[in-house]
Amino acid sequence: MLAKKGVGLPSFLKTGTTIVGLIFQDGVILGADTRATEGPIVADKNCEKIHYMAPNIYCCGAGTAADTEAVTDMVSSQLQLHRYHTGRESRVVTALTLLKKHLFSYQGHVSAALVLGGVDITGPHLHTIYPHGSTDTLPFATMGSGSLAAMAMFESNYKEGLTRDEGIKLVVDAICSGIFNDLGSGSNVDVCVITKGHKEYLRNHLLPNPRTFVSSKGYTFTKKTEVLSTKIIPLKERVEVTERGDAMEE
Amino acid sequence: MTKQAANWSPYDNNGGSCVAIAGIDYCVIAADTRMSTGYSILTREYSKICKLADKSLMASSGFQADVKALQKFLAARHLIYQHQHNKQMSCPAMAQLLSNTLYYKRFFPYYSFNVLGGLDTEGKGCVYTYDAVGSYERVGYGCQGSGSTLIMPFLDNQLKSPSPLLLPAQDAVTPLSEAEAVDLVKTCFASATERDIYTGDKLEIVVLNADGIRREYMELRKD
């Protein structure tokens with residue numbers, strides 16, 4: 001209604017994104033591109049979209065950057081408190097329930113589309129969470145504007161019981177598919193491998209988009225704004241400052 | 001039955017950026033070769049530069065269907081001109097023709113953003129920039145399209161042109177050599193591709209001078 005009267009919402013930093021995850025023989029691999037956009041402009045060429053939830057759980061975020069960051073930070077701290085209380089390792093389902101409860105209560109207004117993955121006492125788990133709070137439990141998952149491009153790679157190449165290297169290769173291929181075919185995704189590939197009792201965060205695992213041209217001479221920006229006239233009015237002639245006592249004392 | 005708002009638009013935006021720089025005896029016209037719609041790439045090699053006459057080239061971004069129609073119309077008009085005058089149209093004449101053609105569709109415009117580059121009758125480089133409905137101006141350098149807001153300030157900084165209001169009128173052509181101008185254009189596009197999602201894939205550079213037309217290509221980021 002306000003929009004009709006010309007009061008538009010401000011534009012947000014959206015991570016028009018490709019994020020993926022899959023289950024391999026001994027755990028979970030998450031992947032993400034690193035482009036953040038604001039409409040047609042690239043706002044950040046190397047942002048982090050794989051968020052920390054717990055030592056054994058990570059979460060990829062697509063949607064409004066502020067929402068994905070806030071919601072993962074919030075739940076991550078709730079999980080930390082829960083660990084202090086119970087003295088046990090966090091479970092992926094706990095994170096899943098906390099995230100979906102929050103998102104559902106905001107009826108989709110918190111625009112966070114997530115891929116949640118981790119390994120806990122009950123084994124490896126991978127989930128997707130939509131902005132309205134619905135969730136899926138899957139062996140392989142994609143989200144964001146590049147989800148179709150990435151899913152094309154998964155649907156044609158995924159099989160059960162992939163090795164670590166095969167898994168990483170497939171995740172990288174899926175993210176690259178998003179990077180090159182979806183304009184909302186781009187720059188580098190981040191990967192996170194979670195296995196039982198161990199994790200490996202491979203920040204900028206692949207950098208497939210270097211700058212294509214650098215001028216051999218470089219450029220100078222020496223042209224200053226032209227000064228047409230200068231007039232200086234000294235303050236001292238008009239204002240008299242007398243010092244007495246301690247200025248800080250009253 | 002209440003009147004419904006049109007939920008279909010005859011226009012699309014296929015993105016892309018165009019740059020043209022005029023020198024004392026040359027003209028550089030460049031555009032990327034990506035054609036896209038929404039978040040999808042339609043093709044990575046679509047030339048946005050069109051040769052209208054021996055000494056005038058047009059680079060256009062915007063809605064490529066309209067651009068195609070515009071190019072076809074100008075080609076037909078130029079053929080008629082050749083039959084009637086037995087010569088090629090000059091670049092300033094082509095510039096006026098393009099303006100008239102765009103204004104003729106003032107209330108259902110060609111959704112195209114053009115830069116026209118070429119050599120004038122004295123063999124000097126010339127660049128004309130347009131809006132979608134035919135307002136045009138002869139300048140020393142110009143750029144249009146999705147990356148124009150990123151490229152224009154850089155060109156302004158490097159090639160600040162004299163005010164068109166100065167008397168006597170000053171030459172608008174840039175002081176750069178041909179090779180320097182080509183390097184500047186490459187930098188413009190490499191930078192615009194870093195920050196504009198609709199610019200990328202490949203850069204097509206066309207150089208026009210007394211020797212004729214030369215084409216050059218450079219790879220751009222493909223993400």
Side-chain angles (χ1 to χ4, degrees), chain A residues 4 13-18 32-47 62 144-150 152 172 175-189 204 206-226, chain B residues 5 13-17 30 32 34-44 145-150 153-160 163 176-177 179-203 205 216-223:
Chain A
K4 264 187 220 162
L13 190 68
K14 293 265 211 168
T15 49
T17 297
T18 308
D33 71 311
T34 68
R35 173 183 279 186
T37 55
E38 225 178 309
I41 298 296
V42 178
D44 192 340
K45 292 190 275 190
N46 201 179
C47 67
S145 57
S147 59
L148 284 89
V172 167
I175 295 298
C176 282
S177 170
I179 284 176
F180 290 115
N181 299 299
D182 169 43
L183 294 179
S185 315
S187 294
N188 314 130
V189 183
N204 290 356
L206 196 68
L207 298 109
N209 289 294
R211 197 188 161 91
T212 51
F213 180 78
V214 180
S215 171
S216 50
K217 295 197 301 283
Y219 288 94
T220 50
F221 299 87
T222 50
K223 276 183 197 159
K224 302 265 164 59
T225 306
E226 253 180 274
Chain B
N13 187 2
N14 298 121
S17 311
D32 66 315
R34 174 177 289 179
M35 181 159 82
S36 46
T37 180
Y39 271 159
S40 313
I41 295 168
L42 295 170
T43 165
R44 296 184 194 273
S146 59
S148 65
T149 47
L150 284 74
F154 178 59
L155 290 176
D156 283 338
N157 179 267
Q158 294 294 314
L159 315 163
K160 198 172 129 196
S163 164
L176 298 183
S177 73
E180 284 173 328
V182 169
D183 257 29
L184 187 70
V185 159
K186 287 180 178 174
T187 306
C188 282
F189 276 89
S191 303
T193 304
E194 295 279 320
R195 292 287 174 179
D196 176 30
I197 64 169
Y198 293 119
T199 302
D201 293 325
K202 213 181 339 176
L203 173 62
I205 308 166
E216 219 178 288
Y217 292 93
M218 187 188 84
E219 294 299 314
L220 293 171
R221 280 172 67 143
K222 285 165 183 32
D223 64 341

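These figures come from a predicted structure and were not determined experimentally. Every chain is numbered from 1 and lettered A, B, ... according to where its sequence line falls, protein lines coming before strand lines.
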Would you sort out whether Arg211(A) and Thr193(B) count as a side chain to side chain contact (heavy atoms under 4.5 Å, CB included), showing the intermediate values? CA-CA 9 Å; Arg211(A) 197 188 161 91; Thr193(B) 304; over 6 Å; no
At a heavy-atom separation under 4.5 Å, does Ser187(A) approach chain B through its side chain, its backbone, both, or neither? both
Of the backbone (N, CA, C, O) and the side chain (C-beta and beyond), which part of Leu150(B) lies under 4.5 Å from a heavy atom of chain A, both, or neither? side chain
What heavy-atom pair brings Asp183(B) and Tyr219(A) nearest, and what distance separates the two atoms? O-OH, 3.5 Å
For the pair Ile41(B) and Asn181(A), evaluate side chain to side chain contact (heavy atoms under 4.5 Å, CB included) and give the outcome as yes or no after the intermediate values. CA-CA 7 Å; Ile41(B) 295 168; Asn181(A) 299 299; 5.9 Å; no
Please answer whether the main-chain N or O of Thr220(A) pairs with a side-chain N or O of Gln158(B) as donor and acceptor at a distance below 3.5 Å. yes
Taking Asp182(A), Val214(A), Val42(A) one by one, which has the highest count of heavy-atom pairs under 4.5 Å against chain B? Val42(A)
Is there a side-chain contact between Ile179(A) and Lys222(B) (heavy atoms, below 4.5 Å)? no
Check whether Thr187(B) gets within reach of chain A through its side chain, its backbone, both or neither, counting any heavy atom under 4.5 Å. both
Phe213(A) ring center near Phe189(B) ring center (under 6.0 Å): no
With only heavy atoms counted, which part of Pro210(A) is less than 4.5 Å from chain B, the side chain, the backbone, both or neither? backbone
Calculate, to the nearest 0.5 Å, the distance between atoms CD and NZ belonging to Glu194(B) and Lys45(A) respectively. 3.5 Å
Gly147(B), Gly38(B), Ser191(B): which one forms the most heavy-atom pairs within less than 4.5 Å of chain A? Ser191(B)
I'd like to check Lys217(A) versus Glu180(B) (side-chain heavy atoms, cut-off strictly below 4.5 Å). Are they in contact? yes
I'd like to know if the side chain of Asp223(B) reaches the main chain of Phe180(A), judged simply by a donor and an acceptor atom lying under 3.5 Å from each other, with no hydrogens or angles considered. no
Minimum heavy-atom separation for Met218(B) to Thr212(A), with atom names? CE-OG1, 4.1 Å
Can you check whether Ala43(A)'s main-chain N or O pairs, donor with acceptor, with Arg195(B)'s side chain at less than 3.5 Å? yes
Indicate the atoms forming the closest heavy-atom contact of Pro40(A) with Asp196(B), along with that distance. O-OD1, 3.5 Å
Got a sec, which residues hit side chain to side chain contact (heavy atoms under 4.5 Å, CB included) with Ser36(B), two or more places apart in sequence or on another chain? Leu183(A), Arg34(B), Tyr198(B)
